[in-house]
Undergrad: 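The structure that follows is given in the form of structure tokens.
Quick note: numbers below take in every heavy atom, side chains included, and nothing from hydrogens, waters or symmetry partners.
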Amino acid sequence: QTTKLWDVRAIKPENGYLESLDSCMGATHCANFTSDGKFLVVAECADFMHIYDYASNFQSKQLFDCFGEISGIALSPDDDSIFLGIT
């Protein structure tokens, strides 16, 4: 499954398309940019969380494998911590 990433500030939809992000197991459940916009944290419905580097056009990423259904993700205000809810 893939997630399409768009910039809603674009006037024309075809100009706003940024990237198509692949997942490992299931659909993307939630996504958050860091406060500085350098990284995108994406959680799948179960088992996987990805951290993409915006500067590399989302080609560089870190993959975290966890066990369980992911209920959500949150970042601390200073972006030093990621909170992952697992059921």
Undergrad: Out of K61, E19, Q59, which residue meets the side-chain contact (heavy atoms from CB on, under 4.5 Å) rule with Y52?
TA: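 Considering K61, E19, Q59, a side-chain contact (heavy atoms from CB on, under 4.5 Å) with Y52 is found only for K61.
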Undergrad: Do you know the tightest heavy-atom contact between C30 and G72?
TA: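 For C30 and G72, the tightest heavy-atom pair comes out as SG-CA, 3.8 Å.
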Undergrad: Does any non-hydrogen side-chain atom of F39 lie less than 4.5 Å from one of D53?
TA: yes
Undergrad: Within a strict 4.5 Å, meaning less than it, do heavy atoms of the E44 and C24 side chains meet?
TA: yes
Undergrad: To the nearest 0.5 Å, what is the distance between CZ (F48) and CD1 (I70)?
TA: 9.0 Å
Undergrad: Give the cluster check for F33 versus I73: same hydrophobic cluster or not, with ILVMFWY residues linked at side-chain heavy-atom distances below 4.5 Å.
TA: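 No, F33 and I73 fall in different hydrophobic clusters.
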Undergrad: Under 4.5 Å between side-chain heavy atoms, hopping through other hydrophobics if needed: is there a path connecting V42 to M25?
TA: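 No: no chain of side-chain contacts under 4.5 Å links V42 to M25.
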Undergrad: Report whether L84 and L75 are members of the same hydrophobic cluster (ILVMFWY, side-chain heavy atoms less than 4.5 Å apart, transitive linking).
TA: yes
Undergrad: Just how far is it from atom CD1 of I86 to atom CG of D47, taken to the nearest 0.5 Å?
TA: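 It comes to 8.5 Å.
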Undergrad: Could you tell me which non-hydrogen atom of S56 sits nearest to which non-hydrogen atom of S60, and how far apart they are?
TA: OG-N, 2.9 Å
Undergrad: Side chains of D79 and K38: does their closest heavy-atom pair fall under 4.5 Å?
TA: no
Undergrad: Would you please test F64 and I51 for side-chain contact (heavy atoms from CB on, under 4.5 Å) and show each step?
TA: CA-CA 8 Å; F64 293 90; I51 301 177; 3.4 Å; yes
Undergrad: Calculate, to the nearest 0.5 Å, the distance between atoms OG and CH2 belonging to S20 and W6 respectively.
TA: 10.0 Å
Undergrad: OG1/T28 to CG/D22 distance, rounded to the nearest 0.5 angstrom?
TA: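 Nearest 0.5 Å value for the OG1-CG distance: 9.5 Å.
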Undergrad: Let me confirm one number: the CG-CZ distance from L5 to F58, rounded to the nearest 0.5 Å.
TA: 4.5 Å
Undergrad: To the nearest 0.5 Å, tell me how far L40 CG sits from H50 NE2.
TA: 10.5 Å
